[in-house]
Amino acid sequence: MADNSQKMSYHAGEAKGQAQEKASGMMDKANNAAQSAKETMQDAGQNMQAKAQGAADAVRNATGMNK
């Protein structure tokens, strides 16, 4: 009986370890996706800011306000 109990305990420990490893891998993927999204949004914001500055400069030039 003790042998059977030891086997069950061993397999339970194996399953727990596998579940923890899988969860860790999923968290890594989620963190990577979040970081990538953050960088993409920062790039988009910088591009929009540059375009807005260019448009403002074009308006100033067209209206003669840059002189």
Side-chain angles (χ1 to χ4, degrees):
M1 190 72 162
D3 188 40
N4 212 10
S5 178
Q6 287 175 338
K7 284 182 183 178
M8 288 177 59
S9 180
Y10 174 79
H11 289 300
E14 271 189 328
K16 180 181 177 186
Q18 289 171 356
Q20 287 173 333
E21 184 64 29
K22 186 172 184 178
S24 177
M26 291 172 70
M27 286 300 295
D28 287 345
K29 286 181 182 180
N31 284 335
N32 290 342
Q35 182 64 31
S36 179
K38 176 184 173 186
E39 291 169 2
T40 298
M41 293 303 291
Q42 286 174 334
D43 289 345
Q46 289 172 352
N47 286 339
M48 288 179 67
Q49 185 178 14
K51 287 179 182 180
Q53 184 63 51
D57 290 344
V59 169
R60 284 191 203 98
N61 288 336
T63 59
M65 293 178 77
N66 257 359
K67 297 178 181 176

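All values reported here derive from a predicted model rather than from experimental measurement.
At most 12 heavy atoms of other shown residues, nucleotides or ligands fall within 6.0 angstrom of atom CD in E21. Within a 6.0 Å radius of CD in Q49, no more than 12 heavy atoms belonging to other residues, nucleotides or ligands are found.
Expressed to the nearest 0.5 Å, how far NZ of K7 lies from OG of S5 amounts to 11.5 Å. Distance check: T40 OG1 to Q35 CD gives 10.0 Å after rounding to the nearest 0.5 Å.
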Assess whether side-chain hydrogen bond (donor to acceptor under 3.5 Å, both in side chains) is satisfied between Y10 and E14, documenting all intermediate values. CA-CA 6 Å; Y10 174 79; E14 271 189 328; 3.1 Å; yes

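Looking at S36, its side chain never comes within 3.5 Å of a backbone N or O of N32 through a donor-acceptor pair.
Partners of Q53 under the side-chain hydrogen bond (donor to acceptor under 3.5 Å, both in side chains) rule, at least two apart in sequence or in another chain, are D57.
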